[in-house]
Each structure stands twice: as C-alpha cells, then as structure tokens.
Amino acid sequence: MAKVFRNGTIISWDESSQSIKVLRDSDLLIEGDTITAIGKDVQVSTDAEVIDATDKILSPGFIDTHTHLWQTAFRTLAPNTTLAEYFGSYGPWAPIIKSFSPEDIYTCTLAGLYESLNGGTTAFLEHAHNNWSIDVVKRGYDAGVQSGARLWWCVAADDRQGITGEEMLDGLAKHRRGNDGGGLVELGLAWDGMGSQSAEEVDRKKHLVKSHNLTALTHHQLGGPWPVGNNAPTKAASNQLQDLDLPIIFSHAGFATPSDIAALREHNWYLSITPESELLYGHGQQTSRLVQDQASLGIDTSFTFSGDLLTQARIWLQSVRGVAYNKALETGKIPKQSPMKVEDAFLLATRQGARALRRNDLGVLKVGAKADIVVFDGTAPNMAGWTDPVAAVILHANVGDIKHVLVGGEWRKWDGKLVLKDGDWPSFQKKFAEMARRIQGENPRPQPLGEKFFGMKDFVDVEVMTTTR
Ligand SMILES: [Zn+2]
C-alpha cells in the first residue's frame, strides 16, 4: 500500500545544484520501497495510507558508516576507558568474549540496531569483528536481518583458532542464501592490518572479495603514534585495491597523511569519522576535518556513549568549530566567520554516507530514492519556533523528537515507538538487560595494561582534571 505524508517540511535534495532544498507545506509519496512523488497536493490512490505531517520535518535517514554492534552488551561498563584499555579488555581478542554464547551475540547486536533505528539511523556499515566462531558470525548476521535496517555486513574474515577467513566467509555465505532481509543486507569484508600483511595475504583477501562478490570493504586506520592500522589508504592504493571497484571506508584516520588523503580523493574512498568515540577513547583527531569531502560519520562502539548520529553530527560540528576558532584566536585577533556550516554536518550524517557506499538513491529525499526516512516532531519544547529545519535537526532535536522511521518504505518506528518484526520491545529489553548484566558481572574490571602498548610503544600520563582540589 502506498503511503503519503501530507503538509510537511521536507529536507529534499536538488539534483541539479547538488544541494539541500527545503520544501514547505509539501507532500511525499512512497510506493513500494521508493519515493515516487514530492511536491504540493500530490495525487494518490484512494487506498493510500495518509499521514498528517503538519509541524513535522521529514529528513533522509541517517547513515552510520562504522559500528561494532555486538559490543552493545557492555553498555555503561567502561565510561572512563582509553583506547589502549579497549584493545585488551573489550575488543574481539579480549578474554571477555568467553562470556558470549552465539545467542548472546544475536541479542546484543539486535539491541544495538534497535537503539540506532530508534535514533533515526536507517543504514549501517557494520565492521563485524565478532568472529571467534562460525556460530557467532552467523548469529550476528541474523540479528542484522531481523532488525529491518539496511546493512552492509562487513565480516572480519580473519584466520582464528580452528577456522580460516575463507571458511568463515564461505560458512556465512551459505547461511545467508535466501536470507538477505529482502535485499536490505549486503555482504562486505572488514580487513584490518593491511600494512603488515604479506603480498600473499593481500591476494587472499582480494580473492575473497571477488569470489563472493562482496559489495563493500572497510579497514581501521589510526596513524600517528599508534603502531597499528597506519597509512591504510596509501597501502590500499599500492595494493591496487582500486581495481576491485567497490566502496572502501577507512574508519577514524585522525592522522591521515597527505598521501592517504590523496588516495581517498583519487580512488573515491571515504573516511568514517566517529566523533564521540575518538574523543572518549583518545584515538586522536588531527586531520579528518581537512578531508570532509571524502568523509562520513559513524558510531564505533556505542557501549561507551550514544548510538545516534544526531549526537555525533553535533559533536563533530562544534569540535571542528572549536579547533578552527582556537587556531584563529592564537593569532591574537578575532575570528571573522564560522568555520563550518550546519548543512555540512547534516550532509556528513546523510548524503556523505550514501556517497561513501556509492549509492545515489540513499541519504537524500528525492523522487527515485529509497524511502529511508526520519520524521521529527517540530512542536516539542526544544523544537518549537524553528524556521530552518536543518538547524532544528542538527542543533536542537534529540532522539525523543523522532516520531517515525521508515526503511525501504516499511515502518521501523511509528508514533515514537519501535516497530519490531517479531515480538515486542518490553520482552526484548528484559532479555537483553539480563544478558548484559550477566556479561558485565562476569567482567567487572578491565585487564591490566602491560608495560608497553602492544609490547612496543611507551605509555604517557595525560593531564587529569577533577572537580576536587
Ligand atoms: Zn572500530
């Protein structure tokens, strides 16, 4: 059945100028999974579902280009952690993984997806490093399908005890047959450590991409003093990954070198900036603001902070402004203009994610685009009085203002409540909360740090601020 929103404010996309176009008192028609008309007094069949959008803002769904959803089980476990602690205590090689059954992985991955869908994220690139057994790989994927979200499920097909990367991907590909969420879930590869891999290992990974027709590739990139994941875009170019002709997204890259940035632009590859994660863990972030033309936004590990892109876009916008203002003020003179526009923060969370995934039909509201839509209530105390819908969304809205969410024309949130494919939120919440508390109870403290990070890099004390004297 067709759906039509009547009389809303639509943050649409103007193809000719390649820019946001705000339409007021307008209608938006959805037929199947696609937007088929936008404008005044759109004609519809008599059986169409009509939704009054008076005082509502219609936005494209947000696109999250870097997540590790299984870690949702750790929510609030490590609010003051660092990246060094993360590696040893909460990552996919840490002892904590012994606490997870395959069923736990399903539940906590689905919990992470529900959090983000509730917050208006409709598409995700998952760096699925839950890869310590084939059953864990499969059940994580099943959660992706069950969520009803649009997903690029990028499996970390690494050699682990008892299983090779090839066996892992083969096993998942077989499991996936006829089980792709109605075409919403695509398969990709999460490929870390390229910088230290032999030519033979690189060829193995390239063969995996081609033999399974994978549609995206992702790689962590740190740089700077971090001894892992450095110069990945440069290495990818020298390994001729451009010949694979698929989207490649490098997460973080806060210390991208000039050759990394050149590789991104030359081969149309993207960074996924994860603002709150990088601030909390201390990845360091010196360069991503300089390459926003080839960047999108991601969440990373939402167990330590919010899982919604509204918050990420806002934090990123204001932190970029802060850096530029401080640089200007250090001259002893007065900043003359704002360093970054709110529209660019909005585009990083929407259109840029779609560009990163090479999808012209996502991240925008236009005729022919997929109906991945977020509807904000513009009448809440924090929203009332808005005239600019982009500023209202990026600077004033919160998740509680999101009334409806659609993915491919299907309701995933309706009137402020999640729409689950199966079961109900209260029952799911109870199951997830019991599991999370058990896992956290079994792992109350982080693992001790060694003498050196990864046995090779010195630690340094940081400035510590407190509220006590
Ligand atoms: Zn990550």
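All heavy atoms count here, side chains included; hydrogens, waters and symmetry mates do not. In each ligand, atom 1 is the first atom listed, and ligand 1 is the first ligand listed.
- Annotation: Trp93 is not in aromatic contact with His129 [ring centroid separation under 6.0 Å not met].
- Phe250 and Tyr270 have their aromatic ring centers separated by at least 6.0 angstrom.
- For the Zn ion (ligand 1), protein N/O/S neighbours under 2.8 Å (waters excluded) are His66 NE2, His68 NE2, His220 NE2, Asp300 OD1.
- Ring planes of His220 and His127: tilted class, angle from 30 to 60°.
- Partner Phe74 forms a side-chain contact (heavy atoms from CB on, under 4.5 Å) with one of Thr81, Thr301, Thr304, Ile439 and no other, that one being Ile439.
- With respect to Asp159 and Arg204, a salt bridge is recorded, a charged nitrogen being found less than 4.0 Å from a carboxylate O.
- Between Lys205 and Asp192 no salt bridge is recorded (no basic side-chain N to carboxylate O distance below 4.0 Å).
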